[in-house]
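Notes to accompany the following structure.
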Amino acid sequence: MLRLPAVAGRFYPANPEELTALVRKYALPQADTKPQPVKACLVPHAGYMFSGHIAGAVFARIVLPQRIVILGVRHFPRGESLAINTSGAWRTPLGDAPIDEALAAALLQECPILREDRVAHAAEHSLEVQLPFLHVLSPAFSFVPIALGTVRFDDLVAVGEALARVLAANPEVLLLTTSDLNHYENDATTRLKDKKAIDQILAQNPRGLYDVCRNEDVSMCGLGPAVAMLTALRVLAAKHAELVRYATSGDVSGDTTSVVGYAGFIFS
C-alpha cells in the first residue's frame, strides 16, 4: 500500500526545497546542547506555522534512530479505533517513508487489539506531519504508524504495555507520540489547563493524565496516545521526563481569545 499525502500544502509546504529548509530552521541544533538518545518523545501536530517550532525543538534535542513507532490520534470517525499499517509506504513531498514490516508484525503479535486499517490513516494528519522532520533528520528511517481513536483506558493501557514489550526487545526504536493540548479557549484558561496536563506528563502518570483531562475538561486531542506512551514508559522504568518547549497558537497569531496549546517533551 502506498499512502498518499493528505495535508501537504496546507499543514506544511508541498515544495520539497521549501519544506526541507523549514524543517532545518525549526530543528536547528543549539550550540550548548548535545543531542541525546531517548526512549520516547511527545510533539504536537498542528500546521507547521503554529507548532513546527515546538516539534523542531524536540527533534533538535534527540538522536533520531532509523526505526520509529509513530503513535498518533485518529481525528475523524472513520476506520478502526486502534489502527495500524503493517506494510507499504507513506509518501510526502520528500519521498516515500517505508513501513518497518518486522516491527509492525511484532506489535501486532503483542497487541492483538490493533487492527490493520487504511481508512483510519487515509486523511489523518497527526502522523503525517512528523514524516518530513524524519525525512530530513534521519533519511534512512522506517516506521510503524498507529492511530488511536479510542479513549477507553483499558485499551490504552493494553497498547502501552504491548509497546513496552516490543521496545524492551528493540531498545534502538524510538516511540514518537503526538498530541496537541487544550483547544479553543482563551489563552489564560488554556495555559492553566495545560499546566495540569503537563504536570501529569512530567510525572509519567498515565492514570493521572487521563483523570485530569476528563475531570478538568482539558481537550487534549492526543490523550489516548499520551496515556499509552506513559504506560509504556512506566513499564520500561523511564527515569527522566523533560518539557522542552511550550507555546499556544496565540503566541504566533496574536489572537488570545481562542487558542490551542502545544508542548514538546523528551523521556529517557
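Atom CD of Gln109 is surrounded by 12 or fewer heavy atoms from other residues, nucleotides or ligands within 6.0 Å.
A donor atom on one side chain and an acceptor atom on the other are found under 3.5 Å apart for Thr178 and His45. For the residue pair Asp255 / Ser253, no side-chain donor-acceptor distance below 3.5 Å is found, with atom types taken as modelled. For Asp187 and Thr190, the side-chain atoms include no donor-acceptor pair closer than 3.5 Å.
Val58 and Val252 are not part of a single hydrophobic cluster, where members link through side-chain heavy atoms under 4.5 Å apart. Leu82 and Leu127 fall into different hydrophobic clusters, where Ile, Leu, Val, Met, Phe, Trp and Tyr residues are linked whenever their side-chain heavy atoms come under 4.5 Å apart, directly or through other members.
Salt bridge annotation for Lys193-Glu216: absent, with no cationic side-chain nitrogen under 4.0 angstrom from a carboxylate oxygen. Ion pairing between Arg191 and Asp251 holds under the 4.0 Å rule for side-chain N and carboxylate O.
Judged as a salt bridge (charged side-chain N to carboxylate O under 4.0 Å, His left out), the pairs with a partner in residues 233-243 (not counting sequence neighbours) are, in order, Arg61-Glu242. Listed by first and then second residue, the salt bridge (charged side-chain N to carboxylate O under 4.0 Å, His left out) pairs that reach into residues 118-142 are Arg3-Glu128, sequence neighbours excluded.
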- What's the verdict on side chain to side chain contact (heavy atoms under 4.5 Å, CB included) for Tyr262 and Asp180, showing C-alpha distance, side-chain angles and the deciding distance? CA-CA 5 Å; Tyr262 310 114; Asp180 298 334; 3.5 Å; yes
- After noting the C-alpha distance and the side-chain angles of Lys39 and Leu174, does the key distance pass the side chain to side chain contact (heavy atoms under 4.5 Å, CB included) rule? CA-CA 6 Å; Lys39 296 181 186 297; Leu174 171 69; over 6 Å; no
- For Cys41 and Ile62, run side chain to side chain contact (heavy atoms under 4.5 Å, CB included): C-alpha distance rounded to whole Å, both residues' side-chain angles, the deciding distance at 0.1 Å, then the answer. CA-CA 9 Å; Cys41 64; Ile62 66 178; 4.2 Å; yes
- Check the pair Glu101 / Ser87 against side chain to side chain donor-acceptor pair (under 3.5 Å), numbers first and verdict last. CA-CA 6 Å; Glu101 295 185 11; Ser87 63; 4.9 Å; no
Please report, to 0.1 Å, the donor-acceptor pairs under 3.5 Å made by any side chain of residues 26-37, with sequence neighbours excluded.
{"unit_1": "Tyr26", "atom_1": "OH", "unit_2": "Tyr48", "atom_2": "O", "d": "3.1"}
{"unit_1": "Gln30", "atom_1": "NE2", "unit_2": "Leu28", "atom_2": "O", "d": "3.3"}

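Note that the CG atom of Leu156 and the CE atom of Met229 stand 12.0 Å from one another [nearest 0.5 Å].
Here the side chains of Phe267 and Val38 are not in contact, with every heavy-atom distance at 4.5 Å or above.
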